Amino acid sequence: MSGRPSYYVTTPIYYVNDSPHIGHTYTTLACDVLARFKRLDGYEVKFLTGTDEHGQKVDKAAEAAGVSPNEFTDKVSQNFRDLLAVMNFTNDDFIRTTEERHKHACQALWQRLLERDEIYLGSYAGWYAVRDEAFYTESELVDGPNGDKLAPSGAPVEWVEEPSYFFRLSAWQERLLRFYDDNPEFVLPQTRRNEVVSFVKGGLQDLSVSRTTFKWGIPVPGDPDHVMYVWLDALTNYITAIGFPDAESESFQTYWPADLHMVGKDILRFHAVYWPAFLMAAGLEPPKRVFAHGWWTIEGQKISKSLGNAIDPLELVDTYGRDQVRYLLLREVPFGNDGDFSHQAAIGRINGELANDLGNLAQRVLSMVAKNCGGSVPEPGPYNDDDRELLASCERLLDAVRSSMDAQAFHEALEAIWTVVRAANGYVDRQAPWALRKTDPARMQTVLYVLMETIRHLGLLMQPVVPESAARMLDQLAVDPEHRTFAFMGADHALVPGTALPKPEPVFPRHVEPEPEAEKGDNKPEAGKGGGG
Ligand code: ME8
């Protein structure tokens, strides 16, 4: 082993009944940013995503598409894989629940639960919502608009009666509550934790964990009339991918318990109640944290197939740029809260923050260096208080960003970075290096050097969120690609005066709305992409 600390982060595995949209993109993005951050911070990272391919919901979607479930899942799973490159995601593995390794892991977990008498055969009679792949009690149902009964999520329910294996969930109530007590940050945000605790305090019923009325699932060992309940199958992916059932394997030993399961608030109960119960029942440790983020709407509306408003991430990236989309999804809403995606707000962030605040800062400074310092890193003279204060704020930044990242508070991490971006812009205005050019060229060099060091720190810390743009910023400072981890922050690794610099190029173009066809030629548009702001 490398001796480095490890970090294991997972996304939900997405159902292949639908194409990926910004909701799925958001969850995977959050994990990608954490994975990149941790790698730069010296961790050995495993970042897992994948697709959830069994169950009635997918079976029905395949049927509707007129193809076999196998053919259907191959095709739709690929859409989720394609998204990874579109968004520049750096997952280390992509799991499909139809893979042999997963069947093996699920059956082994089942066997353990059976041997420990945590599973028994009975029969189920109750409500089931295919859309949620969830069982509901009568008392949980709500009245629909036509007097029909609906799941609390609004999904239609059907009455199901069939033989079924049950997991003794009711026996886990006290142990789960103790586990939440002992691990106060197991579920975040705190409000979601309270929901989980009160759900469990309300009492738990044994959980039906097999179905007999369809075949698209993993067969129950020794009883092939049953397929495993899709959530037992799906949750197991997190241990399949690190080698379960070989719990002695190096990867299992390194990465379990997972540091973080990132999920949307819709699937918190499965991750925060069922999953730790399954694991503890099998004699395995529960994950360290489940973070349930909020829900996106688009221009005020629910994302839905029937409204046809599910923005294709590819389209967003084409319109705004990959890094821009990554930035604005994480910047727009406090992570954990619900958020609304609006094009106007997106453009505001891209132009106001990326192009103006950060892009312009880098562009102004680097053009001045190119023009007035012979195209190489200037030689600083003695620092004054203003210089020292700005450099000190750069050095403090890593700790602040790290603690926000560890709390999955991306908005806070970005705000901390922006505090320094704004401070640097204030410093440029105060120090006015353009005026010093004539009056005090040595001082100008110091000011530009301090600013370049600031941009270096900002570039290093922005890498997880805007990897390509940050790389271009660091390229322009001639920072060695091997010197871009967080170990290279601070004065000990400062830019070396005299180092030759490449020609500066704008990093964050302004977004300019294309003219509507009819108006073309009526007025002159601002120069398109390419202005440094
Ligand atoms: O639930 N806003 O898969 P799924 C924010 N297969 N996030 C959203 C979103 C929105 N509008 N829409 C979707 C499943 N998501 C199971 C998971 S895990 C062992 C099995 C994201 O395809 C969010 O992360 O329905 C949500 O939890 C997930 O997609 C649901 O994906």
Side-chain angles (χ1 to χ4, degrees), residues 9-32 48-59 61 73 76-77 79-80 83 87 89 94-98 102 105-106 109 129-134 151 153-155 192 216-218 228-241 258 260-276 278-279 287 290-305 307 309-313 316 329-330 332-341 408 410:
V9 58
T10 67
T11 75
I13 48 171
Y14 303 109
Y15 285 128
V16 290
N17 65 314
D18 206 355
S19 304
H21 59 61
I22 70 162
H24 313 109
T25 309
Y26 185 56
T27 318
T28 312
L29 170 64
C31 296
D32 184 61
L48 176 70
T49 187
T51 43
D52 188 356
E53 306 192 2
H54 289 132
Q56 231 175 333
K57 173 159 157 157
V58 172
D59 198 26
T73 50
V76 189
S77 175
N79 295 340
F80 282 90
L83 177 68
M87 291 300 298
F89 291 153
F94 187 96
I95 189 164
R96 299 182 55 186
T97 53
T98 45
H102 183 62
C106 285
L109 183 66
V130 175
R131 201 171 86 193
D132 301 345
E133 295 281 21
S153 61
R192 300 270 167 237
W216 185 238
I218 296 179
M228 287 181 205
Y229 173 40
V230 67
W231 272 101
L232 176 55
D233 164 343
L235 289 161
T236 305
N237 93 86
Y238 301 130
I239 53 176
T240 302
L260 177 66
H261 293 322
M262 181 67 81
V263 299
K265 65 180 183 181
D266 56 326
I267 55 174
L268 179 58
R269 185 183 298 181
F270 302 96
H271 284 82
V273 181
Y274 301 168
W275 183 225
F278 293 154
L279 287 164
V290 175
F291 192 104
H293 67 63
W295 214 239
W296 281 96
T297 50
I298 295 187
E299 312 279 357
Q301 283 187 311
K302 198 172 165 229
I303 304 178
S304 94
K305 244 189 195 168
L307 290 173
N309 65 346
I311 301 182
D312 179 354
L316 268 192
L329 286 179
L330 291 180
E332 194 58 19
V333 237
F335 199 72
N337 293 9
D338 293 340
D340 183 52
F341 185 89
Q408 289 77 51
F410 301 98

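Numbering of ligands and ligand atoms starts at 1, following listing order. The analysis underlying the following values was restricted to heavy atoms, covering all of them including side chains, and did not include hydrogens, waters or symmetry mates. Values in this document were obtained by computation on a predicted structure and should not be read as measured data.
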How are the rings of Tyr274 and Phe270 set relative to one another: parallel (under 30°), tilted (30 to 60°) or perpendicular (over 60°)?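 Answer is perpendicular, since the angle exceeds 60°.
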Should the pair His24 and Tyr14 be assigned to parallel (<30°), tilted (30 to 60°) or perpendicular (>60°) ring geometry?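 Rings of His24 and Tyr14: perpendicular, as their planes differ by over 60°.
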With distance as the sole test, does Thr97 use its side chain to make a donor-acceptor pair with the main-chain N or O of Glu53 at under 3.5 Å?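 Answer holds: yes.
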Quick one: salt bridge (charged side-chain N to carboxylate O under 4.0 Å, His left out) partners of Lys57, sequence neighbours excluded?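 If we apply the salt bridge (charged side-chain N to carboxylate O under 4.0 Å, His left out) test to Lys57, skipping adjacent residues, there are no hits.
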Ligand 1: which residues have a non-hydrogen atom closer than 4.0 Å?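 Lining ligand 1: Pro12, Ile13, Tyr14, Tyr15, His21, Gly23, His24, Thr27, Asp52, Trp231, Ala234, Leu235, Asn237, Tyr238, Gly264, Asp266, Ile267, His271, His293, Gly294, Trp295, Trp296, Ile303.
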Please list, chain by chain and in numerical order, all residues satisfying side-chain hydrogen bond (donor to acceptor under 3.5 Å, both in side chains) with Asp312, sequence neighbours excluded.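 Applying side-chain hydrogen bond (donor to acceptor under 3.5 Å, both in side chains) to Asp312 gives none.
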Which residues share a side-chain hydrogen bond (donor to acceptor under 3.5 Å, both in side chains) with Asp52, sequence neighbours left out: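 side-chain hydrogen bond (donor to acceptor under 3.5 Å, both in side chains) check on Asp52 returns nothing, list empty.
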